[in-house]
Asker: 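To start, I am sharing the structure in question, which I have written as structure tokens.
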Amino acid sequence: MAEYNINDIEKKWQDYWKKNQVYKVTTDPSRPKFYVLDMFPYPSGAGLHVGHPLGYIASDIVARFKRLKGFNVLHPMGFDAFGLPAEQYAIDTGQHPAITTAQNIEKYKEQLNNLGFSYDWDREVQTCDPSYYKWTQWIFMQLFNSWYDKKTGKALAIESLIEILNQQGNAGLSAACDDDTPEISAEEWKAFSDEEKAAFLLKYRLTYPADSMVNWCPALGTVLANDEVKDGFSERGGHPVERKKMKQWMMRITAYADRLLENLEKLNWSEALKEMQRNWIGKSYGCELDFKVVGKDITLTAFTTRSDTIYGVTYVVLAPEHELIETLTTPDQKEAVDAYVSAAKNRSERERMADVKTVSGVFTGSFVVNPFNNEEVPLWIADYVLAGYGTGVVMAVPSSDDRDFRFARHFDLPVRCVIEGTEEMADPTEKKHGKMINSGILNGMESTDAITAANNYAAEKGIGKPKVNYRMRDAVFSRQRYWGEPVPVHFKNGIPHLIDEKDLPLELPPVDEYKPTETGEPPLARAKDWKYKGDFDYEHTTMPGWAGSSWYFLRYMDATNDREFVSSDAVKYWNEVDLYIGGTEHATGHLLYSRFWNMFLYDRGFIFHEEPFRRLVNQGMIQGRSNMVYKLKDQNKFVSEGLKDDYEVIELRADVNMVDHDILDIEAFKKWRPEYSDAEFVLEGGKYKCGVVVEKMSKSKYNTINPDDMVSKYGADTLRMYEMFLGPIEMSKPWNTAGIDGVAKFLRRFWMLFFDDKGKYRVNDENPAAEELKVLHKTIKKVQDDIEQLSFNTCVSEFMICLNQLTQLKCYKKAILQELVVVLSPFAPHLCEELWHHLGNADSVVNAAYPVFNPQYVQEASFEYPIMINGKLRAKISFAVDAPQDAMKETVLGNEIVQKWLDGKAPKNIIVVPNKIINVVV
RNA sequence: GCCCGGAUGGUGGAACUGGUAGACACGCAGGACUUAAAAUCCUGUGGCCGUUGAGGCCGUGCGGGUUCAAGUCCCGCUCCGGGUACCA
């Protein structure tokens, strides 16, 4: 007697897998490797909802499938454990964030294990664990000890730079460095004091402290990276963010801008994602042009991508933050300029973004000279010019640029058209390319040619030079927070030095409170007697969340190594991630920083692959499906959805967990809130029907579905298959529990192939019939092809078709079922493990081999051709697959139905597509 | 504004490089079993007209086009989702 008791079976096998270490992975060069990775989660207090596991289920299916196919599969899981929520909780309650984090991680692991994932937990990483962040700090130290040589196109040890400086200074050097790096000779370098040398080297190091404009979030008490700010608000918490100048550790990611951009070509990522990274890097080819200030010994350099329009310049604009504003302002304009500049500075980033349409600016009183025609044009200040992009100076061409045009109209500045055909247009910026006019030496050229000509001319005359510009800036690496990796740096006379490698990890010190100090210092400044060697101040900021997540995929390869961050052997074997599944929200953060660090470690010879993630798939979001109820305006009375238009109603959300197929469980609803306990209901057909709204899944919308509830009700196998059955993995879709019955029914009926309704085992050893083998092998083929394409929903359909046919054939043959169990096991591992053992196997199904597809079994002798008349299906006729076309045509024309449609006429043409279709053209 | 996706029955979705549109499932309707319900099983299910195993017409967001043949390719739109934004 055997019963399909889901919860018992699933528990039993989860315990078995754990006890027998079925998912333990070792480095084994004798076998081909496959690395399947999920973006590791931040363990929040809320636990998982049903949307989170979508990607995990998909990757687990791939991992299990590849294993059956003979690959040595690395499929690890860990936790991105430093983060704001735990710290915020610590500030509120005084509890150390490590405690909350550990609790949350336990909960997550339990939830993940309930779903039957095949992780090797021995390789788990937690970014907040000192044994892990020791190596995050170590990587930071390598970055500090490196510079980027543009000649060889890679990062090198800082010692090689020192050697060059000793020999020749930095004259012949092509390196990524600060913009303000002066040119020095070897003699000057040698004459530097040690401190001066150290300060100078900071201009080249790949991580360095700098005074920079940062996104300061007062509510969180920290700075945020550009990708952590959305529309002027912090991504976590939604607090306002403002601009502030602070000393920050920076990462010289701009050194890698070109390689990060170019390598995208080689990656098997979605075009959308690559495009996001391209836009973020924002490479543009242009030209820097020099504008001399009239009457002053000052030259302003403007960056432009449209040097062809230089004759259309009617004014030049500075960013309000430009440092020369004071000297460039004439006395009579001083008052106006001061007022404008201070107003612009005090405007928060948010405000500035909010009214993009408002035109504002002020005249400096100065004029500058157009280097091409020596014309004097006015110099303005306006906040549409960003200090952080290009040079902070824009040559304005109102006839070709929308913003310049709006500005010129507002302040009544002249507009000069330089493109043929724009002279008479109300808005000449609508035509951006064409033949140049009013443009001196450029007249008559097409704009694209004129750009090259103008650039060459500028270079020849020494009035400018071609320049490649990037939108991406160096990444801010400091956070004024407690719950992050300490930076392994101490200060001597204000100059940062690394601590000794043997002193790693530099552990987080205890503090009395997790808040900033009264003087605004970060929380680490509270740590008592926290000094390096008892003497030197440590860095008080901590690393950002993306530090630990930028290399965790390497650590999994060798997670417990305490001598290296990863051994060469391990990284040579596992190298890049073959399949990475995660959300699109990390497009410009994690996925860019990880590529940067990976590339750096590759340059320095620590690892041997340049890109970390060969193939990447973004799983879609599972949206919430909220159920609405309609309350009468002044009464405690609810009307059913179909009747709501007849009343004046207020739309309210009901918890989806008390709604089934959009029918409200009225008793549960009454108990939900005391104020509803005596509510009345207007029903339709005896039922209360709820409305439906698709929106984000969130607790406040009462539309979250907890996977634990689903697992206890339907089982993990059902949940796994249902999430896959919902649709293509990369598409967003609302969660609707209604459809889950179909999958639950499938698994129960699959069980019924093995056990009759009395629970009696009915599998026999009979030889399979041709028809049964055909069904089996069709499924073997379809499922393996679709898994490779990550088309999991069609796999589930195929299983259902297969089951329907086997049920019809009353096939209870071991030869068929045993192979099918293996094919199904990546999707429903618990059920299949149970059945696998019933079939008499002692080992785990995980260690089975995927059946080999045999095309002979699925070959057909004949094909039933759809016969079309003028493209419309009219009849069907079977022919042997290798039937000669002439004979087929003859038969078709002789067919009664075809005759009827021909109506005595001769056909114009007959198209026969072998084993596809026959079309008769009349 | 710009850049990516997407639009197929009441619903989720199938349809490989153009070749039988609606697989599979949910829901719904009818039936069987049952004292009853649940569960299970069977049948039907794009729309319209007509029939009761005739058949026909229309149908993949909208309007054109290419083709023997278009959900699929081309041109022009509409709407929805995501990203991004004074980037010179």
Side-chain angles (χ1 to χ4, degrees), chain A residues 230-231 270-276 278-280 282 284 286 302-307 309 317 319 352-353 355-359 382-386 388-397 400-404 406-407 469-472 584-585 587-588 618 620-621 623 661-662 692 694 722 725-728 730-743 745-746 748-749 752 757 782 785-786 789 791 793-804 864-876 900 907-913 915-922:
Chain A
K230 290 268 175 312
D231 300 328
S270 73
E271 218 21 69
L273 192 66
K274 291 199 224 178
E275 197 61 25
M276 274 191 238
R278 283 188 201 111
N279 290 340
W280 187 263
S284 60
F303 174 76
T304 179
T305 54
R306 291 299 305 274
S307 49
T309 62
V317 210
R352 214 159 138 171
M353 281 182 190
D355 58 5
V356 169
K357 289 279 166 312
T358 313
V359 177
D383 68 359
Y384 79 86
V385 178
L386 304 177
Y389 184 78
T391 57
V393 182
V394 168
M395 59 171 235
V397 184
S400 292
D401 182 278
D402 306 331
R403 294 148 309 174
D404 296 344
R406 244 188 291 138
F407 192 85
N469 215 356
Y470 297 91
R471 196 188 84 112
M472 185 167 71
T584 177
E585 66 272 22
T588 51
N618 293 122
M621 270 206 315
Q623 295 150 313
H661 289 110
D662 297 331
V692 173
V694 173
Y722 183 56
F725 190 54
L726 277 175
E730 56 285 69
M731 244 162 36
S732 288
K733 54 237 155 187
W735 174 267
N736 185 359
T737 306
I740 202 168
D741 292 338
V743 173
K745 213 186 288 177
F746 162 79
R748 244 179 286 126
R749 289 179 55 217
M752 299 293 283
D757 49 11
K782 173 84 175 153
D785 290 354
D786 284 1
Q789 289 174 50
S791 175
N793 55 330
T794 51
C795 289
V796 179
S797 300
E798 184 61 27
F799 283 125
M800 289 171 168
I801 294 167
C802 174
L803 171 65
N804 287 347
E864 188 181 48
Y865 281 86
I867 311 297
M868 310 188 87
I869 314 282
N870 287 336
K872 282 193 202 292
L873 178 71
R874 297 299 177 188
K876 286 183 183 181
K900 186 189 118 190
K908 262 197 203 141
N909 197 3
I910 304 178
I911 291 131
V912 179
V913 186
N915 298 313
K916 277 270 159 66
I917 205 162
I918 297 171
N919 193 8
V920 180
V921 188
V922 183

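Every chain is numbered from 1, with letters handed out A, B, ... down the list of sequences.
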Asker: I'd like to check the side chain to side chain donor-acceptor pair (under 3.5 Å) partners of A/E864; sequence neighbours left out, ordered by chain and number.
Answerer: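 Listed in chain order: nothing, the list is empty.
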Asker: With sequence neighbours left out, write down each residue that passes side chain to side chain donor-acceptor pair (under 3.5 Å) with A/K782, or none if nothing qualifies.
Answerer: A/D786
Asker: Dump the pairs, protein N or O against N or O of nucleotides 66-70 of chain B, anything under 3.5 Å, distances to one decimal.
Answerer:
residue	atom	partner	partner atom	Å
B/C68	O2'	A/N919	ND2	3.2
B/C68	O2	A/N919	ND2	2.8

Asker: Tell me, please, which residues at least two apart from A/E798 pass salt bridge (charged side-chain N to carboxylate O under 4.0 Å, His left out).
Answerer: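 A/E798: salt bridge (charged side-chain N to carboxylate O under 4.0 Å, His left out) contacts with A/K778.
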Asker: Pull out every protein N or O sitting under 3.5 Å from an N or O of nucleotides 1-12 of chain B, one pair per line with the distance.
Answerer:
residue	atom	partner	partner atom	Å
B/G12	O2'	A/L726	O	2.7

Asker: Which residues pass the side chain to side chain contact (heavy atoms under 4.5 Å, CB included) test with A/M752, not counting sequence neighbours?
Answerer: A/D757, A/R762
Asker: Determine, for nucleotides 36-59 of chain B in 5'-to-3' order, which nucleotides have protein heavy atoms under 4.0 Å from the base (write B), from only the sugar-phosphate (write S), or from neither (write -).
Answerer: ---SSS--------------SSS-
Asker: In chain order, what residues pass the ring-ring contact (aromatic ring centres under 6.0 Å, His included) check against A/Y865, with sequence neighbours excluded?
Answerer: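 Expected list: A/F863, A/F879.
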Asker: Residues two or more places apart in sequence or in another chain: which of them pass side chain to side chain donor-acceptor pair (under 3.5 Å) with A/S284?
Answerer: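 Checked A/S284 against side chain to side chain donor-acceptor pair (under 3.5 Å); matches are A/Y389.
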Asker: Can you name the ring-ring contact (aromatic ring centres under 6.0 Å, His included) partners of A/F407, sequence neighbours left out?
Answerer: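 For A/F407 the ring-ring contact (aromatic ring centres under 6.0 Å, His included) partners, ignoring immediate neighbours, are A/Y315, A/W380, A/Y384, A/F411.
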Asker: Quick one: salt bridge (charged side-chain N to carboxylate O under 4.0 Å, His left out) partners of A/D741, sequence neighbours excluded?
Answerer: none
Asker: Please list, chain by chain and in numerical order, all residues satisfying side chain to side chain donor-acceptor pair (under 3.5 Å) with A/E271, sequence neighbours excluded.
Answerer: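 Side chain to side chain donor-acceptor pair (under 3.5 Å) check on A/E271 returns A/R278.
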